[in-house]
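Start at 1 with the first residue, then count along the sequence. Below, all heavy atoms of this structure are taken into account, side chains as well, without hydrogens, waters or symmetry copies.
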Amino acid sequence: MRKVLLPSIIIIASILLLIRLFYLQVINDSFKLKSENNAIKIKYDYPERGYIYDRNGELLVANQPSYDIMVIPRELKNIDTLEFCQLLNITKEDFLIKIAKAKIYSPRLPSVFLPQLNKLEYAAFQEKIRKFEGFYIQKRSLRDYQVNFGANIFGFITQVNEKLVEKNPYYNSGDLIGKQGVEESYETILRGIKGVKYIQKDKYNREIGSYKGGKFDTIAVQGEDINLTIDMELQKYGEELMINKRGGIVAIEPSTGEILALVTAPSYDPAILVGRQRSKNYTKLYNDSISKPLYDRGLLGEFPPGSPFKILTGLVGLQEGVIDEKTTFMCNHGFSYARGRFQRCHCGGGVRDLHVGIYKSCNAYFSNVYLRTIAKYSKPAVAVDAWSNHVKSFGLGQFMGYDLPTGKKGKVPDSKTYKKAYPNGGWRGTTIISNAIGQGEVLMTPIQLANMMAAIGNRGYYYTPHIIKKIEGEIIDKKFRTKHVTTIDRKYFEPMVSGLADVYNLGTAYALKVEGIEICGKTGTAENYGEVNGKRTKLQDHSIFVAFAPKDNPKIAIAVLVEHGHYGAQNAGPIASLMIEKYLKRKISRMDLEKKMFETSLQNEYNKYNKKYMDSLLVNRNLINKDTLKKTEKPKTPIQPKTVTQ
C-alpha cells in the first residue's frame, strides 16, 4: 500500500500543476498583461473625486481639469531638449533630473514628468506633442475650492510617494492621494476607482488597438460625494473672529456628536495647495515654525483646562458623596494647605456652596472638594484611580475615535503617574491639589473640552465627535451612533447646570449675555509660561471659554481657546457667545461686541514672544560656536509654552 501511495500522490500533484499552468498560459489571458509589458501599453482613466458638501447641502469642494505630462523613458527618441525646456519653462538640469528619476522608477512604465498643467500650458504643449516621442498627456482632476476657509478640515491632494506605491498596488507613480483632513480620512470613498485600458503594440512599438478587443478594460468610477457635519456659515464666521489671533474653536451638536465648526488659527486658503505652486506653498507653510498654520490647534493643542475643569471636580465630588449641593466652604481669597502653602482665588471671598462656587469660579471651594474625594479612600493611589476613572468617562485622557487623521489624547493622571513621579512614595492629596482646578498634570485639547460640555449639556452622555454626516450610498459608522454614558448619575448634573447658567446671569460672563438664549458657560484664564534662553518665563495668559446652549436640550456645545488672549471673558468668552448666537439665530444682535472682536488683534503679544523665541535661538547658535562648548552638547530650544491656570 505504501509503495503505491507515494507515487500516486506525486502523479496527482503533477497533473494538477500541469492543469494550472495550462489554465494560466492558454485559457486565462490576464497574466499576459503582466508578462508581456513590452507588447502591451497600459493607459489609466482617472475619475473625478467625490464632491464635498456641508451639513446643509452647500457645495464646499468641487473639481477642475488638470493635465500631467507623462514620460516612458525607454520610448524617448530624438528629443530637442532645448525646445522642450523652453516650451515648458524649465531648465535642462531640471529635464535631466526628472528623466533620471523616471528611469529609477521604471524605464518602461509611465511616470509623471511635469504635473498639473493649466489649460493654457496644456494647449501649448498639445500642439507640439508629436515632436516629443515618449511623452504623452494624462488628464486628471484637481480640487476646486468654492470657499477660502476650512483648510484644516479638507486637507489637500498630493502625489503618492514611492513607499506607498510599493505598499499599495492600487497606486502608481504620479497618482494623487488625499492627505490630512477628510481627504485623507475618506480617501478610498472620495477617490473613486480608476479605469484601465490595455493597448496592443506591434514589433515596431506602434499601437494597433485594444488588447483582446478590450476584454480586460475597465471604466473609471467617480468618487462618492460626501456631506460634512460642518455648518459652512458658522465655520466661516469662526475663522473671521480668529483673524490676528492664535487658537482653536470646536463646536459640537450634543445630541449627535456632529462637529459644527472646527477652527484653527492662523489658517490658510486651501486653494494655495492646488496646482504647480502647491509644493512651494506647502513648504512655506511647513517651515513657519512660529504661526504653525498647518498645526490644527483644535485637535492637537494640549493645555491645562483651568477653571472649566472645576465642573468635573464638582461632579465627581457629588458622585462620590463627599459633598452635596448645599455643602459650604470658606474662601479667604484663597486656600491654605500643606505647611503654609496658599492657593490664591479671585472670587472675592466668603462662604461658598456649589452653586456660588461655580458661577464665581472659586478655587478654594473646588480644592476642598478634591481633597475630600482623595481622603475618602484609605490610600491616595486608590483615590486617584477612582477620580481618574470618573474623569476619563467624559472621553478625556484618550484618543476620542473621531474621523480625522490627527489628534492628541491629552492627559488624565492616575496612580501610575504619581508612582513614577514619586518612586519613594510620600505623595497625598495636597501634593496633587492643582488637579482640582485644572492645573497639575491634567491636559485637554479644545475638542475634548467641547465634548465635555456636550456631555454635561446632555446630563451625562455623549456621542463620539465626527465630521461625516452623509456618504452617498453608504451607512455612517455605527460607532458615531453609539451613546457613551459617563460614570456620573444624571441627578447630579442639574445643580451643576444651574450654576453654569448663572455664570452668564451673575458671574464671570455677565457682560456676555445674549438676549433670548439661555447659555450655560464657564470662563478659564490660563497662566502661560514658556522656556526662553533656558529660563521659565511668564508670558501673557491664555483665554479659555466653554459653553452649551440652550440650557435644556442644547443644540450647540463649544470650546474656545485664544493663545495669549488674557482672561477668559476678554477674548474666548465673546467669541463663544457670538458663535452660539450665530448658529442658533443666524444673525448677531450684539454688533458692538462683534465689531470689537473683529478688530481685536493679538499680534503685538505674539511678536513679543516671537522676538524672545528668535533671541533664544540666536543665543543657542552663538553657544555652538564657542570653543568651550562640548561637541556632544546641543543648544536648548524653546519648548511649547506650558500653562498653569487660576
Side-chain angles (χ1 to χ4, degrees), residues 46-68 115-122 139-159 175-187 189-192 222-243 248-249 259-286 288 291 293-299 403-406 467-472:
Y46 290 90
E48 281 195 82
R49 288 181 76 85
Y51 283 30
I52 300 176
Y53 299 86
D54 85 338
R55 66 186 295 108
N56 300 311
E58 297 290 335
L59 181 61
L60 302 174
V61 186
N63 298 304
Q64 57 181 310
S66 173
Y67 308 90
D68 292 351
Q116 302 179 9
L117 274 65
N118 59 36
K119 291 181 179 180
L120 293 177
E121 293 169 330
Y122 162 72
K139 183 178 179 181
R140 303 182 193 268
S141 65
L142 297 179
R143 282 314 205 184
D144 184 15
Y145 294 98
Q146 309 301 299
V147 295
N148 61 359
F149 54 85
N152 62 309
I153 295 171
F154 304 138
F156 55 89
I157 306 299
T158 186
Q159 288 188 25
D175 282 4
L176 302 178
I177 190 172
K179 285 291 183 183
Q180 298 183 10
V182 295
E183 295 282 16
E184 180 174 335
S185 295
Y186 292 96
E187 160 69 9
I189 291 170
L190 289 168
R191 76 185 181 193
Q222 183 172 342
E224 299 289 350
D225 297 341
I226 64 174
N227 285 73
L228 303 182
T229 60
I230 295 296
D231 183 290
M232 181 178 72
E233 288 187 24
L234 189 66
Q235 178 73 25
K236 181 175 184 290
Y237 190 57
E239 294 196 19
E240 290 172 346
L241 289 169
M242 290 295 289
I243 291 174
I249 304 173
I259 299 172
L260 303 172
L262 181 61
V263 176
T264 183
S267 189
Y268 58 93
D269 184 342
I272 69 173
L273 295 186
V274 176
R276 295 277 294 278
Q277 299 300 311
R278 189 206 70 80
S279 181
K280 176 182 176 182
N281 291 335
Y282 180 81
T283 300
K284 184 178 179 180
L285 294 172
Y286 181 82
D288 186 350
S291 299
L294 293 175
Y295 182 79
D296 193 326
R297 287 165 163 87
L299 302 178
D403 52 342
L404 286 165
T406 190
I467 206 161
I468 192 71
K469 187 172 181 66
K470 177 184 176 184
I471 302 173
E472 197 67 36

Grab the two heavy atoms, one from [X] and one from [Y], that are nearest each other, plus how far apart they are.
{"X": "Leu262", "Y": "Gln235", "value": "N-OE1, 2.8 Å"}
{"X": "Asn56", "Y": "Asp54", "value": "N-OD1, 2.9 Å"}
{"X": "Met242", "Y": "Ala265", "value": "CB-CB, 3.6 Å"}
{"X": "Leu404", "Y": "Ile153", "value": "CD2-O, 4.4 Å"}
{"X": "Tyr295", "Y": "Thr264", "value": "O-OG1, 3.1 Å"}
{"X": "Ile272", "Y": "Asn281", "value": "O-ND2, 2.8 Å"}

Keeping the roles fixed (side chain from [X], backbone from [Y]), state whether a donor-acceptor pair exists under 3.5 Å.
{"X": "Glu239", "Y": "Gly150", "answer": "yes"}
{"X": "Asp231", "Y": "Leu234", "answer": "yes"}
{"X": "Gln146", "Y": "Asp144", "answer": "yes"}
{"X": "Thr229", "Y": "Lys469", "answer": "no"}
{"X": "Glu121", "Y": "Leu117", "answer": "no"}
{"X": "Asp296", "Y": "Gly298", "answer": "yes"}
{"X": "Asn63", "Y": "Arg49", "answer": "yes"}
{"X": "Asn152", "Y": "Gly181", "answer": "no"}
{"X": "Glu187", "Y": "Gly178", "answer": "yes"}
{"X": "Ser267", "Y": "Phe149", "answer": "no"}

Quick one: [atom1] on [X] to [atom2] on [Y], what's the gap to the nearest 0.5 Å?
{"X": "Leu228", "Y": "Glu58", "atom1": "CG", "atom2": "CD", "answer": "13.0 Å"}
{"X": "Gln64", "Y": "Gln116", "atom1": "CD", "atom2": "CD", "answer": "9.0 Å"}
{"X": "Leu260", "Y": "Ile249", "atom1": "CG", "atom2": "CD1", "answer": "12.5 Å"}
{"X": "Arg143", "Y": "Tyr51", "atom1": "CZ", "atom2": "OH", "answer": "8.5 Å"}
{"X": "Thr158", "Y": "Leu176", "atom1": "OG1", "atom2": "CG", "answer": "7.5 Å"}
{"X": "Glu184", "Y": "Ile157", "atom1": "CD", "atom2": "CD1", "answer": "10.5 Å"}

Inset, instruction - State whether a side-chain donor-acceptor pair under 3.5 Å links Asn227 with Arg55. - result: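 Per modelled atom types, Asn227 and Arg55 side chains form no pair under 3.5 Å.
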
Inset, instruction - Would you please say whether a donor-acceptor pair under 3.5 Å links the side chains of Asp403 and Tyr186? - result: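 Yes, a side-chain donor-acceptor pair sits under 3.5 Å.
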
Contact check, side chains of [X] and [Y], non-hydrogen atoms, under 4.5 Å:
{"X": "Tyr268", "Y": "Asp288", "value": "no"}
{"X": "Val182", "Y": "Ile52", "value": "yes"}
{"X": "Ile189", "Y": "Glu224", "value": "yes"}
{"X": "Asp225", "Y": "Tyr53", "value": "yes"}
{"X": "Thr283", "Y": "Leu285", "value": "no"}
{"X": "Leu294", "Y": "Tyr282", "value": "yes"}
{"X": "Tyr145", "Y": "Leu60", "value": "no"}

Inset, instruction - In plain terms, say whether Glu183 and Lys179 are close enough for a salt bridge, that is, a side-chain N and a carboxylate O under 4.0 Å apart. - result: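 Salt bridge: no.
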
Inset, instruction - Using a strict cut-off of less than 4.0 Å between a Lys/Arg side-chain nitrogen and an Asp/Glu carboxylate oxygen, indicate whether Lys139 and Asp68 qualify as a salt bridge. - result: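 A salt bridge is absent here (no side-chain N lies under 4.0 Å from a carboxylate O).
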
Inset, instruction - Classify the angle between the aromatic ring planes of Tyr67 and Tyr122 as parallel (below 30°), tilted (30 to 60°) or perpendicular (above 60°). - result: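 Tyr67 and Tyr122: parallel rings.
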
Legend entry - By salt bridge (charged side-chain N to carboxylate O under 4.0 Å, His left out) - contacts of Arg278 (at least two apart):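 With neighbours one apart ignored, the set is empty.
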
Legend entry - Derivation of the side-chain contact (heavy atoms from CB on, under 4.5 Å) call for Phe154 and Val147: CA-CA 11 Å; Phe154 304 138; Val147 295; 3.9 Å; yes

Legend entry - Worked check of salt bridge (charged side-chain N to carboxylate O under 4.0 Å, His left out) between Asp175 and Arg140: CA-CA 9 Å; Asp175 282 4; Arg140 303 182 193 268; 3.8 Å; yes

